[in-house]
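Report on one structure; see the data block that follows.
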Amino acid sequence: MSQHAVWATFRTMTADPSVKSQKLKPGTVKRIISYGTPYKSQINIFLFTVVVEAILVVATPLLLRELIDKGVIPKDAALVTKLALLVGLFAILDAGFNIFGRYFSARIGEGLIYDLRSQVFAHIQKQSIAFFTRTQTGALISRINSDVMGAQQAFTGTLSGVVSNVVSLVLVITTMMILSWQITIVSLVLLPVFLLPTKWVGKRIQALTRDSFNLNATMSSTMTERFNVSGALLVNLYGKPAKEESFFRTRARKVADIGVQTAMLNRVFFVGITSVATVATAFAYGIGGHLAIKGSISVGTLLAITALLIRLYGPLTALSNVRIDVMTALVSFERVFEVLDLHPMITDSENAKVLSKKGLSVAFTDVAFAYPRAEEISLASLESAAKPETVDSGEVLRGISFTAPAGTLTAIVGPSGAGKTTMSALLPRLYDVTKGAISIDGEDIRNFTVQSLRDSIGVVMQDAHLFHETISENLRYAKEDATEQEMIAACQAAQIWDLISTLPNGFDTMVGERGHRLSGGEKQRLAIARLLLKAPAIVILDEATAHLDSENEAMVQAALKEALKGRTSIVIAHRLSTVMDADQILVLEKGLIVESGKHEELIAKGGLYSELFARQDLTTNEKSSVAN
């Protein structure tokens with residue numbers, strides 16, 4: 001048996017047999033075939049090369065038979081030369097078709113990977129924020145990588161394997177039966193002796209492989225958490241290096257032990273099936289030798305049969321498990337389709353308009369909101385949190401109504417958990433309202449395209465996110481064609497240019513993962529510069545200064561004044577002193593607006609706002625006293 005055939009047998013026998021019990025959704029196969037339609041001509045050429053290779057597998061032993069019987073034994077030197085050259089030519093043809101087929105296999109496989117990955121990535125990008133709050137990132141990446149790779153095997157590895165093995169098996173058995181039915185029958189009778197040990201080894205390797213995958217996943221998770229800036233900081237500040245090392249070493253040792261067991265089983269597997277094939281060949285020589293002595297078959301026929309026998313067991317073993325191979329590829333496709341079929345919660349209406357006005361007013365009318373259930377936004381196979389949650393969140397917001405005139409500043413304040421951030425997420429349609437409506441200039445925001453709506457809104461969060469790229473790339477995320485002068489102007493207005501101008505690489509400075517090379521205040525000011533480049537009509541600030549020291553807060557506040565100038569602004573504030581000059585202040589408690597008005601009016605009322613302000617004012621004074 002050839003090394004390639006041995007490896008193909010090993011791969012088939014170690015495939016996960018559990019896929020056989022899975023049921024595919026109706027129409028899955030038809031849908032899979034549609035992905036191959038653009039590659040129809042390439043698939044046909046590829047399958048043609050596979051069939052030719054299978055024919056050449058049988059042709060070579062038959063030439064060997066002629067060479068022995070009609071060339072060597074009759075001592076016809078000229079025929080021996082011709083047939084030897086022909087055998088060499090067939091070998092070259094086989095290699096040529098193999099390379100030719102591999103080219104088309106790669107074109108088809110990589111094309112399918114490109115198509116599927118692009119579709120999955122684009123589709124995931126359309127999902128709502130709710131989807132990402134529940135979904136495990138690793139599971140998503142697995143769909144884009146592992147499952148897509150498994151799916152493309154349906155058109156390359158699995159398809160070519162089935163066609164090649166069927167054609168080879170039919171041609172080999174037919175030819176062997178014609179040459180000597182006795183040897184063929186004995187060879188087939190020995191097949192169980194070949195398959196049973198292979199099955200046993202396959203099951204052992206399957207179990208070890210699963211354990212290895214699980215342990216590697218645990219180690220990968222550990223490394224992912226420890227090797228980012230936040231994780232490394234936590235480990236340095238709170239962790240115990242010896243304990244971390246011991247935890248990792250224990251799992252790494254188990255993986256190493258499994259590796260040794262797997263290596264030994266692999267060797268036993270290869271030696272075992274090669275030995276069985278050798279024993280079968282010995283039987284063939286023994287029976288065939290006696291038949292040749294009696295004159296029932298020629299010596300050339302005996303050699304041809306033994307050569308064909310080497311090519312018999314590989315295809316037989318592979319086809320005995322073809323259902324596993326096919327189902328593995330189909331299940332991978334179905335897992336990809338599962339993501340593609342997840343309908344995004346936030347979509348454009350049928351006749352959505354483009355929002356292009358400046359100086360926009362905002363109105364909430366009797367808005368109520370409850371967070372969607374797990375089954376509405378994600379897939380159980382992509383998250384671990386979906387299964388245990390059985391209780392709905394309930395209404396987080398109830399009967400919210402207010403108007404923010406164009407160019408005014410509306411502040412939203414209240415205790416933690418009141419629903420402030422949820423309100424800010426509804427305006428750019430990160431979620432859709434459950435009841436009521438949000439309108440811009442009197443038009444329901446659901447009547448605008450999502451892209452144009454979000455293009456008109458700029459947001460600065462409490463923890464500004466920066467990509468692990470340069471400062472200029474982070475700024476240009478808001479405006480792709482921004483010039484250096486525009487970036488400088490935005491950074492000057494955001495009170496961050498003095499810092500950037502002193503950096504050795506200026507705008508080309510890498511900010512580090514999540515912007516960890518910058519302080520909290522510097523990140524916030526860079527985020528404000530990004531917002532200024534976007535130049536939105538509506539600005540949302542979600543506690544943008546909550547965790548800053550007094551010096552950074554003063555600089556960020558100065559930057560915010562520039563950012564809010566002439567824009568409709570909604571500011572969520574923890575520090576009430578920062579919104580005293582707001583045109584209106586909404587006081588939120590348990591999802592309800594319990595008070596509204598200007599600072600002086602709310603203080604005079606003596607309600608919740610007055611209580612919160614007095615509490616913060618007292619805390620501030622106490623801190624000042626301690627500092628003095």
Side-chain angles (χ1 to χ4, degrees), residues 1-9 48-103 160 163-188 190-191 194 270 273-316:
M1 182 181 292
S2 69
Q3 191 74 5
H4 172 74
V6 171
W7 171 247
T9 303
F48 173 74
T49 65
V50 169
V51 172
V52 171
E53 280 188 79
I55 293 171
L56 290 174
V57 163
V58 175
T60 302
L62 292 178
L63 282 176
L64 179 63
R65 176 196 182 202
E66 296 297 305
L67 187 147
I68 297 297
D69 290 344
K70 296 182 180 178
V72 175
I73 293 175
K75 298 181 180 180
D76 187 339
L79 184 60
V80 168
T81 303
K82 287 178 184 178
L83 290 175
L85 288 172
L86 195 55
V87 169
L89 177 62
F90 274 23
I92 293 170
L93 280 174
D94 187 35
F97 274 104
N98 189 287
I99 294 170
F100 194 54
R102 184 69 188 91
Y103 168 75
S160 66
V163 173
S164 175
N165 288 325
V166 167
V167 174
S168 294
L169 198 58
V170 170
L171 290 175
V172 167
I173 291 178
T174 302
T175 306
M176 286 181 66
M177 289 292 285
I178 292 171
L179 295 177
S180 172
W181 64 267
Q182 298 98 324
I183 298 175
T184 305
I185 295 298
V186 171
S187 301
L188 293 174
L190 286 172
L191 183 62
F194 178 80
F270 284 122
I273 62 175
T274 305
S275 299
V276 172
T278 304
V279 169
T281 305
F283 270 95
Y285 274 123
I287 297 169
H290 283 286
L291 292 173
I293 291 171
K294 293 178 181 178
S296 300
I297 61 172
S298 65
V299 175
T301 299
L302 173 61
L303 293 176
I305 288 175
T306 53
L308 288 168
L309 185 61
I310 295 172
R311 294 162 172 83
L312 174 66
Y313 288 113
L316 270 173

For [X] and [Y], work out which heavy atoms get closest and say how close.
X      : Y      : answer
Gly288 : Ile183 : CA-CD1, 3.6 Å
Val167 : Ala54  : CG1-CB, 3.6 Å
Val58  : Leu171 : CG2-CB, 3.5 Å
Phe97  : Thr49  : O-CB, 3.8 Å
Ala284 : Leu302 : O-CD1, 3.6 Å
Val51  : Val163 : CG2-CG1, 4.0 Å

Heavy-atom donor-acceptor pair, Thr81 side chain to Ala77 backbone, under 3.5 Å: yes
Qualifying residues under ring-ring contact (aromatic ring centres under 6.0 Å, His included), relative to Phe90, sequence neighbours excluded: none
Any chance you could measure [X], atom [atom1], to [Y], atom [atom2], to the nearest 0.5 Å?
X      : Y      : atom1 : atom2 : value
Asp76  : Leu67  : CG    : CG    : 10.0 Å
Arg65  : Leu83  : CZ    : CG    : 12.5 Å
Ile287 : Ile185 : CD1   : CD1   : 11.0 Å
Asp69  : Leu303 : CG    : CG    : 8.5 Å
Ile55  : Ser168 : CD1   : OG    : 9.5 Å
Leu62  : Thr301 : CG    : OG1   : 9.0 Å

Using side-chain heavy atoms (C-beta onward) and a distance below 4.5 Å, is [X] in contact with [Y]?
X      : Y      : result
Ser180 : Leu291 : yes
Leu64  : Thr60  : no
Leu86  : Leu89  : yes
Asn165 : Leu169 : no
Ile297 : Leu179 : no
Met176 : Leu309 : yes

Listed partners of Lys70 passing salt bridge (charged side-chain N to carboxylate O under 4.0 Å, His left out), at least two apart: Glu66
Ring pair (Phe, Tyr, Trp, His ring centres under 6.0 Å): pairs with one or both residues in residues 282-309, sequence neighbours excluded: none
